[in-house]
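Order of the sequence lines fixes the chain letters, A, B, ..., with proteins taken first and strands second; residue numbering starts at 1 for each chain. The structure presented is a predicted model; accordingly, all values stated were derived computationally and were not measured.
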Amino acid sequence: MTETRLRFPPSPTGYLHIGGARTALYNWLYAKKTGGKLILRIEDTDAERSTQESIQGILDGMKWLGIDWDEGPYFQTEFESDHEAASKKLLDTGKAYKCFCTKEELDVKREAAQKNKTQYGYDGTCRSLSAEEVAEKEAAGLPFVVRFKVPDQDGEIGYDDKVLGYIKAQYREIEDFVIVRSTGKPLYLLCNVVDDIRDRISHIIRGSDHMTNTIRQVLLYNALDAPVPVFAHMPLTLDTKKAKISKRKHGEIVAVQFYEEKGFIPWALSNFLVLLGWSPGNDTEFFTQDELIEAFSLERINKTNSIFNYQKGNAKFFTDPKAISFNEHYLRTMPIEDIAVMVKPFLEKEDLWDAAYEGDKKEWFLSTLDLTRDRFQMLSDFGDRGRAYFSDEFTVEQKPLKKNVLKHEGLKEWLPMLADRFEALADYNLETTEQTARDLATELDIKPGVIINGMRTVVTGQLAGPSMFDILMAIGQERVVSRLRNVAKLYEV
RNA sequence: GUCCCCAUCGUCUAGUCAGGUCCAGGACACUGGGUUUUCAUCCCAGCAACGCCGGUUCGAAUCCGACUGGGGACGCCA
């Protein structure tokens with residue numbers, strides 16, 4: 001058996017979006033599973049829409065997700081001579097012909113067909129032009145496109161789709177499609193096939209929106225005497241209104257980069273994305289990379305489109321709730337050392353990073369992350385809601401301020417009292433601090449909760465958090481004492 | 001409109017190819033409860049689906065046929 005060769009051919013007309021990432025993921029998974037290769041090919045023939053920025057965005061997105069490739073990136077524009085050679089070959093062998101019909105003429109016919117409610121297809125006006133007629137028109141300088149000559153016969157052409165089964169179409173229903181523009185530039189349909197033949201692509205996994213292309217491309221493979229690769233059309237990802245998700249329509253929510261900035265763990269997103277249209281056949285949902293590679297198969301790709309369930313304007317779920325829950329799962333269960341590596345850039349961004357977190361303070365850093373991770377959903381939360389652990393400059397949220405501090409006027413004196421006692425503690429630990437706090441509450445004849453919750457708010461700025469005495473250990477004696485002493489400041493304003 | 005594809009909880013899906021073990025399983029979300037001085041984690045429970053009709057069969061989510069619904073493609077874009 002020859003090596004499996006897959007490819008991911010994005011066109012650089014925008015950032016990598018989650019649909020594209022999912023396609024890349026499937027190809028990558030299958031390449032890994034079969035010990036094959038993944039080729040990255042940038043389809044930049046649409047010069048007007050292709051940008052350097054977009055190419056970079058795609059490469060960055062793939063790297064962030066951990067999708068590596070074995071060859072490339074190749075750029076389609078570098079192989080224009082191949083494309084031209086192929087169109088010449090088709091022309092020379094009589095499998096394609098020059099068409100001099102103008103756009104305007106075709107538009108008229110297209111509209112007429114729409115009106116008559118019949119299927120539009122090129123009517124073959126130029127198909128039977130004689131060599132002399134063609135030469136004459138060319139001599140007159142008339143522009144022409146090259147059309148593929150679809151075999152003029154009854155019957156059908158088909159291919160065996162790995163997920164959809166046998167797909168067929170009647171020759172009669174396929175029009176003579178254009179393969180070269182009047183400018184002489186070959187089109188996607190041709191370029192794609194030529195490139196895939198040259199790159200010896202054995203399997204093509206792509207969205208089912210390509211299904212009609214595939215039939216025509218099979219024709220092209222045959223005409224070019226090349227073996228037809230294995231095709232697998234994966235279902236599309238739709239929005240809640242069942243429209244194809246797109247960057248233009250949905251904005252940043254579909255861009256991979258958005259998830260990176262939001263603080264997603266790359267693998268959590270990948271894991272979620274893969275399950276949108278594929279399942280292992282059992283109840284397993286969380287996989288390591290190796291497990292997923294092992295479990296993946298083309299045959300288990302679904303036929304049904306799936307819905308990316310994100311509701312615009314829902315503050316609690318800024319994206320698909322299940323994607324968020326996957327992130328929470330990984331945030332909670334991954335080795336804390338791995339989390340630390342991913343948290344670093346977020347702390348740096350907030351100017352909270354200390355090099356000692358990788359040196360002397362590493363142990364403290366890891367245990368602090370471990371202490372707080374259960375309540376967070378995104379990596380960015382550590383530098384945001386978790387700011388008080390890393391800096392003395394943090395804001396106290398309004399809600400806990402009112403509920404846990406301002407409501408109890410006495411805290412203005414009680415907390416500084418507590419600070420004094422904490423400071424006097426020879427052994428500042430979980431047990432002694434708790435005992436100290438409870439003793440104070442008893443002496444003052446107030447509920448311990450008043451002291452504890454007030455303390456949480458003053459020390460962390462948050463309404464909720466880990467066990468109070470764990471917090472006290474994480475923040476440290478000195479900083480706790482200082483924050484408690486400054487409680488009066490909160491009553492001002 | 002034409003051609004093609006698809007159809008199980010609100011969402012992701014298992015079960016369909018090889019009909020009975022499915023009054024349909026898991027997960028997310030939601031609701032309730034337990035744990036928790038807070039919040040969350042965690043644990044338990046609940047809610048909730050085979051699009052419709054007909055056929056085949058002792059028996060249909062599963063096979064067949066219509067219907068309905070949804071999606072995709074109909075570019076000198078990729």
Side-chain angles (χ1 to χ4, degrees), chain A residues 9-13 43-46 48-50 76 99 101-103 106-107 110 113-121 143-147 161 164-165 167-170 173-175 177-189 191-192 207-213 215 233 235-236 238 240 242-244 272 275-286 299 302-311 316-317 320-326 328-329 332 372-377 400 403-404 434 437-438 441 447-453 456-457 462-468:
Chain A
S11 60
T13 56
E43 310 230 311
D44 55 349
T45 49
D46 188 348
E48 282 175 25
R49 297 198 295 151
S50 299
Q76 194 163 53
C99 168
C101 296
T102 65
K103 232 175 188 167
L106 297 176
D107 284 345
R110 209 189 320 265
Q114 293 262 321
K115 225 176 227 169
N116 295 332
K117 300 182 183 198
T118 56
Q119 186 184 10
Y120 170 76
F144 63 86
V145 299
V146 177
R147 284 182 185 276
D161 191 292
L164 264 10
I167 303 295
K168 58 189 188 304
Q170 302 294 318
E173 276 154 14
I174 310 169
E175 69 168 325
F177 52 92
V178 178
I179 54 177
V180 181
R181 293 180 174 89
S182 54
T183 57
K185 291 261 182 250
L187 276 120
Y188 165 80
L189 232 30
C191 297
N192 198 245
S208 61
D209 48 345
H210 279 285
M211 278 212 293
T212 43
N213 285 336
I215 277 289
H233 287 100
L236 267 18
L238 276 22
T240 47
K242 298 194 171 167
K244 220 163 82 163
F272 165 76
L275 258 21
L276 227 47
W278 175 86
S279 91
N282 54 44
D283 294 337
T284 310
E285 293 203 295
F286 300 114
E299 289 75 12
N302 288 146
K303 297 175 177 179
T304 333
N305 293 340
S306 52
I307 291 172
F308 182 68
N309 190 24
Y310 111 94
Q311 324 273 340
K316 189 171 175 192
F317 299 111
D320 192 310
K322 192 148 186 172
I324 293 176
S325 85
F326 269 55
E328 288 171 338
H329 170 85
R332 255 141 238 172
T372 48
R373 79 211 282 204
D374 275 359
R375 284 158 187 84
F376 293 161
Q377 8 182 245
K403 185 179 169 196
N404 294 333
E434 175 155 10
R438 289 190 186 279
K447 281 192 253 175
V450 173
I451 291 280
I452 291 171
N453 290 326
R456 174 179 288 106
T457 305
Q462 298 284 309
L463 177 63
S467 160
M468 191 57 231

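Put simply, the side chain of A:Ile167 does not reach to within 4.5 Å of the side chain of A:His233, judged on heavy atoms. Counting heavy atoms from C-beta on, the side chains of A:Tyr188 and A:Glu43 come closer than 4.5 Å. A 4.5 Å side-chain heavy-atom check between A:Arg375 and A:Pro466 finds at least one atom pair inside the cut-off.
When the C1' atom is compared between B:A66 and B:C53, the two are found 8 Å apart, to the nearest whole Å. Atom name P, nucleotides B:A61 and B:C67: the rounded distance is 23 Å, in whole Å. Taking atom C1' in both B:U2 and B:U11, the straight-line distance is 33 Å, to the nearest Å. The separation of B:U68 from B:A60, taken at their P atoms, amounts to 26 Å, rounded to a whole angstrom. Across B:C30 and B:C47, the matching C1' atoms stand 8 Å from one another, rounded to whole Å. B:C9 and B:C28 have their C1' atoms separated by 12 Å, given to the nearest Å. Nucleotides B:C5 and B:A45, compared at atom P, are 44 Å apart to the nearest Å. The gap from the C1' atom of B:U31 to that of B:G10 amounts to 14 Å, rounded to the nearest Å.
Between the CG atom of A:Leu236 and the P atom of B:C5 there is a distance of 15 Å, given to the nearest Å. One atom, CG of A:Asn213, and another, P of B:C77, lie 13 Å apart when rounded to the nearest Å. In this structure, A:Gln377 atom CD and B:C39 atom P are separated by 17 Å, rounded to whole Å. A:His329 has its NE2 atom 13 Å from the P atom of B:A27, to the nearest Å. Atoms NE2 (A:His210) and C1' (B:A78) sit 7 Å apart, rounded to a whole Å. Per the geometry, CD belonging to A:Glu285 stands 13 Å off P belonging to B:C12, to the nearest Å. If you measure from atom CD of A:Glu434 to atom C1' of B:U37, you get 9 Å, rounded to the nearest angstrom. If you take CG of A:Asp374 and P of B:U36, they are 17 Å apart, rounded to a whole angstrom.
Taking only side-chain atoms of A:Leu238, from C-beta outward, the nucleotide of B:C77, B:G71, B:U38 with the closest atom is B:G71. Between B:A73, B:C76, B:U11, one nucleotide has an atom nearer to the side chain of A:Asp209 than all others, and that is B:A73. Checking B:C6, B:G25, B:C76 against the side-chain heavy atoms of A:Thr304 singles out B:C6 as nearest. In this structure, of B:C76, B:G25, B:C6, it is B:C76 that holds the atom nearest to the side chain of A:Val178. For A:Pro321, taking side-chain heavy atoms from C-beta onward, the closest of the listed nucleotides B:C6, B:U11, B:A29 is B:A29. Listed nucleotides B:C6, B:G71, B:C12 differ in distance to A:Asn305; the shortest reach to its side chain belongs to B:G71. Side chain of A:Lys242, nearest nucleotide from B:U11, B:G70, B:C5: B:G70. Of the candidates B:C30, B:C4, B:A78, B:C4 carries the atom nearest the A:Met211 side chain, counting heavy atoms from C-beta on. The side chain of A:Lys316 has B:C30 as its nearest neighbour among B:C28, B:C30, B:U37. For A:Thr212, taking side-chain heavy atoms from C-beta onward, the closest of the listed nucleotides B:A78, B:A73, B:A27 is B:A73.
A:Ser182 comes within 4.0 angstrom of a nucleotide base, judged by non-hydrogen atoms across all strands. At a threshold of 4.0 angstrom between heavy atoms, the contacts of A:Cys101 include nucleobase atoms, whether or not backbone atoms are also involved. As judged by a 4.0 angstrom heavy-atom cut-off over every strand, A:Gly277 is placed among residues touching the sugar-phosphate backbone only. Among the heavy atoms of the strands, none lies under 4.0 Å from A:Ile451. At the heavy-atom level, A:Gly281 lies under 4.0 Å from the strands shown only through sugar-phosphate atoms. Counting any heavy atom pair closer than 4.0 Å across all strands shown, A:Leu276 reaches sugar-phosphate atoms only and no base atom. Within 4.0 Å (heavy atoms only), A:Phe317 reaches sugar-phosphate atoms of the nucleic acid but no base atom. Within 4.0 Å (heavy atoms only), A:Pro280 reaches no atom of the nucleic acid at all.
Between A:Ala169 and A:Leu275, the one whose closest nucleotide on RNA chain B sits nearer the 5' end is A:Ala169. In terms of position along RNA chain B, the nucleotide closest to A:Ala323 lies nearer the 5' end than the nucleotide closest to the other residue of the pair A:Ala323 and A:Val180.
When both pairing distances are held under 3.5 Å, B:U16 makes no Watson-Crick or G-U pair with any nucleotide shown. With a cut-off of 3.5 Å on both Watson-Crick or G-U wobble distances, the partner of B:U2 is given as B:A73. Pairing for B:C67 goes to B:G51, judged as Watson-Crick or G-U wobble with the two contacts each under 3.5 Å. Taking a pair to require two hydrogen-bonding distances under 3.5 Å in either a Watson-Crick or a G-U wobble arrangement, B:A60 remains unpaired.
Side-chain atoms of A:Asp320 never come within 3.5 Å of backbone atoms of A:Tyr310 as a donor-acceptor pair (strictly under, hydrogens ignored).
Ring geometry for A:Phe326 versus A:Phe286: interplanar angle of 30 to 60°, hence tilted.
No side-chain donor from either of A:Thr304 and A:Asn302 sits under 3.5 Å from a side-chain acceptor of the other.
OP1 and OP2 of B:G70 both lie 4.0 Å or more from every side-chain N or O belonging to A:Lys244. Distances shorter than 4.0 Å separate some side-chain N or O of A:Asn302 from OP1 or OP2 on B:A14. Between A:Arg181 and the phosphate of B:C77, there is a side-chain N or O to OP1/OP2 separation shorter than 4.0 Å. For A:Thr45, a side-chain nitrogen or oxygen approaches OP1 or OP2 of B:A78 to under 4.0 Å. In terms of phosphate contacts, A:Ser279 brings a side-chain nitrogen or oxygen within less than 4.0 Å of OP1 or OP2 of B:A14.
Note that CD1 of A:Ile307 and CG of A:Leu236 are 12.0 Å apart. Values are rounded to the nearest 0.5 Å. Summarising the geometry, atom CZ belonging to A:Phe317 is positioned 13.0 Å from atom NZ belonging to A:Lys322; distances are rounded to the nearest 0.5 Å.
The heavy-atom pair separating A:Gln311 from A:Thr240 by the smallest distance is NE2-CG2, 4.2 Å.
Contact annotation: side chain of A:Asn192 to base of B:A78, donor-acceptor pair absent below 3.5 Å. Contact of A:Lys303 with B:C5 (side chain to base): no donor-acceptor pair of N or O atoms is detected under 3.5 Å. Remark: the A:Arg456 side chain and the B:C39 base include no donor-acceptor N/O pair separated by less than 3.5 Å.
Annotation: side-chain hydrogen bond (donor to acceptor under 3.5 Å, both in side chains) contacts of A:Asn453 (sequence neighbours excluded): A:Arg456.
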